[in-house]
Amino acid sequence: WLEAGLSRSSGCGPWRTCVLRHACCGRADRGAGQRANEAMAANGQSRRSILRVLLAGLHQEQRWEALGEARQRRLAYCNERDAGLVQLLNLLCPDALAHRARREESEPGRPAVADGAGTVSSPGSDSLSTSLSTRGVMLCGGISAFCWYLLRLVLRDLVISPNLPTPRPPRIRVKVLELHALSTIHAVGWLVFLYRKFRGKTDEFSHYCSRALIASLGYYLHDIWTLRSTALANPGMLLHQATIATTIASLLRSRGVSWLAAPLMSLSVPTMVRELLSFCGTIGLPATRLEVRGLRLLWFTSFLASKLALVPMWMKYSDLPELHQPGLLMGKASYIASLALNVQFMVSAASDLPRFLAPRGEPVRTREAYKIPISFAQACMMSGTAGALLLAVFASYLVAPAAAVLSVMALRRSSSRGVRITAAALGAAVVADKLAPMPQECSPWAFKILPLLKVGNKAFKHRFYPNNNLEQIFRKDKHYMLAVTPHGFFPWGVGALIVELMSEGFMPNFLGASVLGALPLAGRFLRMLGYRAATENEVHRCLSKEYPRNVTIIVPGGIKEMFCIRRDIEISAANLRTGFIRLAKEHGAMLVPGYMYGSSQLYRVADGPLGQAFERLSRTLRTSINMFYGQWGTLLPFPNELACALGEPIDTSEFPDVPSIQQRFLKNLREAFDKYKADYGWPNRQLAFLGETLPPVGIDALVGYTTGPLHSKL
């Protein structure tokens with residue numbers, strides 16, 4: 001067979017075969033040098049002829065040409081109907097499509113045309129073919145790669161960067177994390193796509209395959225651009241991604257072969273298993289575990305199966321004319337190149353294969369092996385519970401406005417039954433809350449939900465400095481006023497203090513704005529935890545209570561501290577208030593200064609002219625109103641720990657007047673801040689009081705970009 005093929009491919013008839021046979025066997029009686037030259041020439045011609053024979057068996061364009069143009073158009077129409085993609089490409093760049101419909105075929109009323117085989121093709125059916133031109137491949141691939149890059153930036157800003165440890169790893173390591181994330185998303189997307197295809201109808205198997213191939217082309221192009229620095233050091237991965245991208249581009253340029261996307265992209269299965277193995281290594285799962293060994297075996301078998309997936313399919317469908325289109329030649333060559341790269345990889349890794357599939361080591365117990373994911377799951381549950389608790393507190397603030405809005409909507413004739421029922425339920429809840437008697441102090445019922453409240457403290461990782469033994473600071477036979485600063489946008493730190501004191505058996509009082517007690521549902525919940533309005537009479541009443549209600553919490557900075565939050569330094573307005581010191585001295589109470597680390601960094605608030613406008617509005621309404629946002633733009637606070645540094649208690653009865661007490665209070669507060677700030681994680685952060693000379697505000701680059709220059713500086 002080989003001799004016959006060489007004879008046909010050389011074009012010289014049987015004579016060439018005879019020359020080759022004589023050159024190899026040494027039958028020609030010529031000189032030794034001449035025989036050697038002829039043998040070398042014959043060997044070179046043999047190699048080229050063998051390559052021609054193999055390519056002739058792999059790719060025979062005459063089969064596609066014999067199909068006929070009309071049958072080719074119908075084939076593309078039947079197998080690749082994606083009108084939405086075609087219309088979009090016609091809008092962006094009409095030349096992106098390889099086969100544009102003729103103007104006369106798209107005219108309405110034109111009858112159908114029958115081809116030579118008697119098959120009727122609908123007018124304009126070629127306009128629905130999604131086969132792309134070279135320009136179309138470049139356009140779609142470039143847009144898709146740009147979208148993958150945007151997704152990478154989103155993952156970097158929202159997921160990867162906020163969760164990186166301190167100090168942060170080098171930039172290259174962050175890039176590797178981003179590539180792992182993109183690879184996982186790409187593999188999971190293809191697994192879902194393949195699952196839906198194999199479970200769907202057979203005649204719809206090729207639907208939307210072109211869109212999936214375009215998305216994958218962008219992924220591989222993005223990978224090629226990212227891995228360009230490895231071209232001279234370790235180009236194996238770069239070449240593999242390039243060959244797959246070339247194969248996908250060949251499929252997009254051909255008609256009726258989009259169904260090949262499923263066997264081609266079956267390589268997403270070992271990719272997903274590889275990412276699972278990387279995740280096992282990240283969480284510290286030992287390689288001797290049965291599940292890790294199973295994943296390694298699954299990766300090895302799926303790797304071989306995916307790389308050879310097209311071989312049996314080619315043996316089965318090699319006679320189909322659409323597999324011999326001119327545009328598929330480069331795709332076949334690139335896929336063979338990718339197979340060669342993977343074979344080389346498997347050969348190089350063969351020596352390590354037994355140790356990879358059967359690692360040595362002592363068995364590890366399940367609890368010890370999964371201690372990292374177990375702790376992570378516990379942290380997720382705790383964060384989810386704390387987030388739900390925080391959202392419930394915020395939602396209770398909106399009950400009355402929501403009830404009012406829904407009541408107005410329910411009065412309309414066109415309102416639905418659901419709106420009316422919801423409005424009636426909220427209205428009834430607000431009325432019932434106002435009619436029921438309000439708690440006047442910290443209720444014993446609060447201890448019923450104390451375990452749930454502790455979850456919030458664990459989420460914030462709240463702790464005390466110098467230690468967590470509050471009994472050494474707060475005694476049962478004395479009255480205490482705990483003055484905490486700063487207020488922050490929302491004083492979650494006060495809630496953490498209440499939970500800690502309740503855990504020690506105290507039932508503390510805490511003072512706040514008068515409007516808090518008037519809120520439906522939220523006011524009742526706060527009163528149950530010991531809320532009282534920050535008025536002089538209420539302070540006198542709270543400081544007169546005995547144990548376990550002998551601790552009163554106050555935030556002297558108040559609303560003022562909401563509008564002086566900075567990200568570079570800590571600012572306190574406690575030096576502007578003396579009323580709480582006067583009331584503590586009148587009762588001879590112990591004054592305890594406390595600084596709440598992290599309270600000012602839980603939210604981002606409006607500043608500048610906008611913040612000043614909200615500050616004036618808040619003072620007029622005697623409540624805190626400001627624009628803010630938390631993590632991911634939601635109500636959830638940013639992941640900052642909370643810790644309260646307690647200063648040395650001050651016995652107000654030992655001081656002659658209020659100014660001397662205030663001076664000692666500010667001194668003890670600053671000393672407590674400076675003493676424990678390094679333990680908290682702020683070794684270089686400074687505390688400043690309002691009225692002192694503050695360092696200039698560092699202007700963010702984007703803020704400076706959006707701020708118009710002064711004419712005097714032009």
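Worth knowing before you read on, the calculation uses all heavy atoms, side chains too, and leaves out hydrogens, waters and symmetry mates. Worth saying up front: this structure is predicted, and the values here are computed from it rather than measured. We number each residue from 1, following the sequence as shown.
Using a cut-off of 4.0 Å between Lys/Arg side-chain N and Asp/Glu carboxylate O, Arg582 and Glu536 are scored as salt-bridged.
Under the 3.5 Å distance criterion, the side-chain polar atoms of Tyr597 are matched with a main-chain donor or acceptor of Phe673. Remark: side-chain polar atoms of Lys675 are not paired, donor with acceptor, to backbone N or O of Pro466 under 3.5 angstrom. Counting only distance, with no hydrogens or angles, the side chain of Lys585 and the backbone of Val658 share no donor-acceptor pair below 3.5 Å. Without hydrogens or angle criteria, Gln686 side chain to Ile569 main chain gives no donor-acceptor distance under 3.5 Å. In this structure, Arg463 contributes its side chain and Lys461 its backbone to a donor-acceptor pair below 3.5 Å. At least one donor-acceptor pair under 3.5 Å links the side chain of Arg524 to the backbone N or O of Pro437. Asn575 places no side-chain N or O within 3.5 Å of a backbone atom of Ala688 that could act as its donor or acceptor partner. Side chain of Ser503 to backbone of Val499: a donor-acceptor contact under 3.5 angstrom is found. Here the side chain of Asn640 pairs a donor or acceptor atom with the backbone of Gln601 at under 3.5 angstrom. No donor-acceptor pair under 3.5 Å is formed between the side chain of Tyr480 and the backbone N or O of Pro649.
Interatomic distance, Cys564 SG to Lys560 NZ, rounded to the nearest 0.5 Å: 7.0 Å.
Shown here are the side-chain hydrogen bond (donor to acceptor under 3.5 Å, both in side chains) partners of Thr535, two or more places apart in sequence or in another chain: there are none. Applying the side-chain hydrogen bond (donor to acceptor under 3.5 Å, both in side chains) test to His222 and every residue at least two apart in sequence or in another chain returns Arg152.
For Phe665 and Phe580, the ring centers are positioned less than 6.0 Å apart. Taking the centre of each ring, Phe489 and His487 stay at or above the 6.0 Å mark.
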Fill in: Steps toward side-chain contact (heavy atoms from CB on, under 4.5 Å) verdict (Glu561, Val555)
CA-CA 10 Å; Glu561 289 180 341; Val555 185; 4.3 Å; yes
Practice prompt. Any chance you could lay out the side-chain contact (heavy atoms from CB on, under 4.5 Å) test for Glu441 and Lys545, step after step, and finish with the verdict?
Written response: CA-CA 10 Å; Glu441 55 189 10; Lys545 297 178 181 180; 3.4 Å; yes
Worksheet item: So Leu497 and His462, side-chain contact (heavy atoms from CB on, under 4.5 Å) or not? Walk me through it.
Response: CA-CA 9 Å; Leu497 292 176; His462 181 266; 4.1 Å; yes
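Atom CE of Met409 has 12 or fewer heavy atoms from other residues, nucleotides or ligands within 6.0 Å. Crowding of Glu586 atom CD: a count of heavy atoms from other residues, nucleotides or ligands under 6.0 Å exceeding 12. Atom CE of Met627 is surrounded by 12 or fewer heavy atoms from other residues, nucleotides or ligands within 6.0 Å.
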